[in-house]
Amino acid sequence: MGTSEFAKEILKSIIDKVDVALVVSQPDSLVGRKQVLTPSPVKTFATLNNIEVFTPQNIKTDFSKIEEVQPDLIVTCAYGQIIPKTLLDLPKLGCINVHASLLPKLRGGAPIHRAIMDGLEETGITIMYMDEHMDTGDVIDKDTVKIDLDDNLDSLTQKLIVCAKALLIKTLPTLIDGTSKRTKQSDSDATYANIIKKEDELIDFSRKTREVYDKIRALDPAPGAYFTMNGEVVKVYSSEMGLGKGTPGEIINIYKDGIGIATQDGEIIVKEIKLAGKNRIKVRDYLNGIKRDNLLGVVCNEK
RNA sequence: CGCAAAUUGGAGCAGUUGGUCAGCUCGUUAGGCUCAUAACCUAAAGGUCGCGGGUUCGAAUCCCGCAUUUGCAC
């Protein structure tokens, strides 16, 4: 059971290892400006591989289809709905979840984004039994992944996918032969990774350079961190940390391929942006089309 | 049929009382300067101004339709 691109990769890794009887995913949803009915990545992949797909609107009440299949094991990954107790008790080997953090850290829907945004140096994958709450079940196994200073959301996700596949393949046999372990989570050590909201995407220049830098890379390539300049939305995808000084939010330097904006303790140099109505471009290109001098001294996020 | 903006040489842009309007900043190619250079100088190539209609003596510039991209909403 899963929905996202990440979950799709997990499914891909086990598809030839075990007999996947049924794939459960979120219903097709209306996406984007055109409100096109789009199936989830998991559904698309499963259909392509001739696996039956079930997409209940509400799994709490609509799960008879799953009971019919009589699964030995249920594996979920970023499914998006809470699984009812009846279903949790159904498979004899249990219901396990693949979560992209080192639980009990970063419980919730956006563990990868938050790991980078919080400036962590490592995160990882946890495989756990599910219970009736969000990411609170007993841990079976976990593995650590390092976060490099130049990782962004995409690169870290790729690393985690590799890690998750390996860990799952290692774990599955132990579940089947009963040698797997089971460790309770320490609730007092728990932290939470809430899903990213619009206000989480706004860059706050009154914070430290490193925090701004982390936010930008945590949201690259999507949905993108942003700030406003002369009332226009500017999304930022890549940046570097600099040492300039100035009032937070003020543009203090124009480089050949970057714009330096003052933060609380330094300067963030944005390198790749997207303006309203435009495509993602390098700041170098952006600077080719405008009068550079007009930018100096502009204070961002005003108005 | 959610709201809105954009579409000009390889890139980013300028260009509306419609008539030198095809231009700027880069890039590219060739040559030069230099110990050397991503720095500087000179020259050149490169555009059916998104597509299709319409108005007009004449449209990148006005009107209608379509496509694509993007912001917001969802």
Side-chain angles (χ1 to χ4, degrees), chain A residues 2-8 25-44 55-60 78-82 108-110 113 117 150 152-154 193-205 212 215-244 249 251-261 267-303:
Chain A
T3 301
S4 66
E5 201 67 38
F6 190 97
K8 186 200 86 178
S25 192
Q26 293 278 41
D28 298 357
S29 59
L30 299 174
V31 170
R33 270 180 301 279
K34 295 190 166 177
Q35 297 290 289
V36 177
L37 201 60
T38 309
S40 74
V42 166
K43 179 180 174 182
T44 304
T55 57
Q57 200 62 240
N58 186 347
I59 192 84
K60 274 184 185 161
Y79 172 53
Q81 294 191 43
I82 299 282
H113 302 74
M117 213 181 278
D150 61 353
N152 64 12
L153 180 61
D154 191 47
N194 298 322
I195 57 171
I196 305 297
K197 294 197 288 265
K198 195 70 189 174
E199 53 262 39
D200 294 318
E201 296 164 19
L202 179 64
I203 295 171
D204 181 357
F205 292 106
V212 173
K215 173 171 283 193
I216 290 170
R217 65 197 182 105
L219 300 177
D220 168 40
Y226 75 97
F227 61 90
T228 61
M229 185 167 70
N230 297 325
E232 296 270 302
V233 171
V234 181
K235 293 208 175 193
V236 187
Y237 295 97
S238 88
S239 66
E240 285 177 12
M241 293 182 274
L243 299 172
I251 294 176
I252 49 176
N253 282 306
I254 303 293
Y255 301 97
K256 182 159 191 165
D257 59 354
I259 296 174
I261 302 173
E267 169 189 27
I268 190 78
I269 304 169
V270 308
K271 313 279 281 194
E272 203 172 352
I273 61 175
K274 177 158 69 180
L275 286 85
K278 299 292 166 55
N279 280 309
R280 174 173 174 161
I281 57 170
K282 298 231 186 308
V283 168
R284 183 192 193 88
D285 292 330
Y286 171 69
L287 291 172
N288 273 333
I290 59 163
K291 299 186 190 76
R292 306 175 181 214
D293 297 341
N294 294 350
L295 273 183
L296 273 178
V298 169
V299 178
C300 300
N301 284 340
E302 287 212 326
K303 289 182 190 175

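Every chain is numbered from 1, with letters handed out A, B, ... down the list of sequences. Computed over heavy atoms, backbone and side chain alike; hydrogens, waters and symmetry mates excluded.
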> Could you go step by step and tell me if L219(A) and M117(A) meet the side-chain contact (heavy atoms from CB on, under 4.5 Å) rule?
Replying inline: CA-CA 8 Å; L219(A) 300 177; M117(A) 213 181 278; 3.9 Å; yes
> Can you check whether K278(A) has a side-chain N or O nearer than 4.0 Å to OP1 or OP2 of U7(B)?
Replying inline: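 Indeed not, no polar side-chain atom of K278(A) lies that close.
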>> Within the 4.0 Å heavy-atom criterion, would you say I290(A) contacts the bases, only the backbone, or no part of the nucleic acid?
In response: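 Here I290(A) touches no strand at all.
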>> Counting the atoms with a prime plus P, OP1 and OP2 as sugar-phosphate, which does K256(A) contact under 4.0 Å by heavy atoms, base, sugar-phosphate, or nothing?
In response: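 Touches sugar-phosphate only.
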Looking at [options], which one has an atom nearest to any side-chain atom of [X]?
| X | options | value |
| --- | --- | --- |
| I281(A) | U69(B), G12(B), C72(B) | G12(B) |
| K235(A) | U70(B), C72(B), A11(B) | C72(B) |
| A276(A) | G71(B), C72(B), C26(B) | G71(B) |

>> How many whole angstroms separate atom CG of D28(A) from atom C1' of C74(B)?
In response: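 My rounded result for the distance is 16 Å.
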> In whole angstroms, how far is the C1' atom of A11(B) from the CD atom of E272(A)?
Replying inline: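 After rounding, the reported distance stands at 13 Å.
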>> Determine whether D257(A) and K282(A) satisfy the following criterion, salt bridge (Lys or Arg N to Asp or Glu O under 4.0 Å), listing intermediate values before the conclusion.
In response: CA-CA 8 Å; D257(A) 59 354; K282(A) 298 231 186 308; over 6 Å; no
Should [N] form a Watson-Crick or G-U wobble pair with both distances under 3.5 Å, which nucleotide is its partner?
| N | value |
| --- | --- |
| U20(B) | none |
| G65(B) | C51(B) |
| U42(B) | A30(B) |
| A4(B) | U70(B) |

>> Could you check whether K271(A) makes a cation-pi contact with Y255(A), meaning its NZ or CZ is under 6.0 Å from the centre of the six-membered ring and within 45° of the ring axis?
In response: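 Not flagged: K271(A) not positioned over aromatic ring of Y255(A).
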>> Counting neighbours of CD on Q57(A) that are heavy atoms of other residues, nucleotides or ligands and sit closer than 6.0 Å, is the number greater than 12?
In response: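 Not more than 12 within 6.0 Å, no.
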